[in-house]
Amino acid sequence: MAKVTIAGSSYVITSAVSMADLETVKKYRSSALAITDPETQDTLFKVGIGTSSVNDHGISFGGVSNDDAKLATATLSIPSDVEDAKEFVLDKAGLALANLNKIEAGIVAALETIKAERDEIAANIKVSV
């Protein structure tokens, strides 16, 4: 589950998933990083990698945590005229965080599938000298 830390005039959304894992899923199972409407197949929410941003339709992670886990992070600003930072974050990122938590649950399953497929393929690759 993603976590949020408010410090001064910034807030940091820290994913439960490492940046390396996000990059792997993006490369091999990008559909696991999106929530789509089952009827129209329109993308309702998407997780990306790039410049940190968040809105009701997606989140983009632009950094990593400073610990060994190297979790994906998005560092965002809180306007100086905001009186209640926690309420601001809830309004600005609440829906995105709820959707991110749903996607993070699916990322674990996608990573397991990717690993199993790669292991099977690797077992069938023969290197001759």
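Considering every non-hydrogen atom in both Val25 and Ala32, the closest pair reads CG1-CB, 3.8 Å. Closest of all the heavy-atom pairs between Leu76 and Val54 is CD1-CG1, 3.5 Å. In this structure, Ser10 and Thr75 approach most closely via the heavy-atom pair CB-CG2, 4.5 Å. Of all heavy-atom pairs spanning Val64 and Met19, the tightest one is CG1-CB, 3.4 Å. Taking all atoms of both residues into account, the shortest heavy-atom contact from Val82 to Ile78 is CB-CG2, 3.8 Å.
Formation of a donor-acceptor pair under 3.5 Å by the Thr73 side chain with backbone atoms of Gly63 is found in this model. Side-chain atoms of Ser60 come within 3.5 Å of backbone N or O of Thr51 as a donor-acceptor pair. In terms of modelled atom types and a separation under 3.5 Å, the side chain of Ser52 and the main chain of Gly62 share a donor-acceptor contact. Under the 3.5 Å distance criterion, the side-chain polar atoms of Glu104 are left unmatched by any main-chain donor or acceptor of Ser15.
Atom OG1 of residue Thr36 and atom CG of residue Asp42 lie 9.0 Å apart, to the nearest 0.5 angstrom. The CG atom of Leu95 lies 12.0 Å from the CG atom of Leu90; values are rounded to the nearest 0.5 Å. Considering NZ of Lys46 and CD1 of Ile35, their distance stands at 12.5 Å, rounded to 0.5 Å. Put simply, NZ on Lys3 and OG1 on Thr14 are 9.0 Å apart, with the number rounded to the nearest 0.5 Å. Atom-to-atom distance recorded for Leu22:CG and Ile49:CD1 is 5.0 Å, nearest 0.5 angstrom. In this structure, CD1 on Ile59 lies 4.0 Å from CD1 on Ile13, to the nearest 0.5 angstrom.
Every residue meeting the salt bridge (Lys or Arg N to Asp or Glu O under 4.0 Å) condition with Asp119, not counting sequence neighbours, appears here in chain and number order: Lys115. Scanning for side chain to side chain contact (heavy atoms under 4.5 Å, CB included) contacts around Asp84 gives Lys86, Glu87, with sequence neighbours left out. Residues passing the salt bridge (Lys or Arg N to Asp or Glu O under 4.0 Å) test with Glu117, sequence neighbours excluded: Arg29.
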**Request:** Apply side chain to side chain contact (heavy atoms under 4.5 Å, CB included) to the pair Phe61 and Leu100, showing each step before the final yes or no.
**Result:** CA-CA 11 Å; Phe61 291 101; Leu100 174 60; 3.7 Å; yes
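Under a hydrophobic clustering in which Ile, Leu, Val, Met, Phe, Trp and Tyr are joined whenever their side-chain heavy atoms come within less than 4.5 Å, directly or via other members, Leu97 and Phe88 fall into the same cluster. Val89 is connected to Phe45 through a chain of hydrophobic side-chain contacts under 4.5 Å among Ile, Leu, Val, Met, Phe, Trp and Tyr, so both are in one cluster.
Other residues, nucleotides and ligands contribute at most 12 non-hydrogen atoms within 6.0 Å of the CD atom of Glu120.
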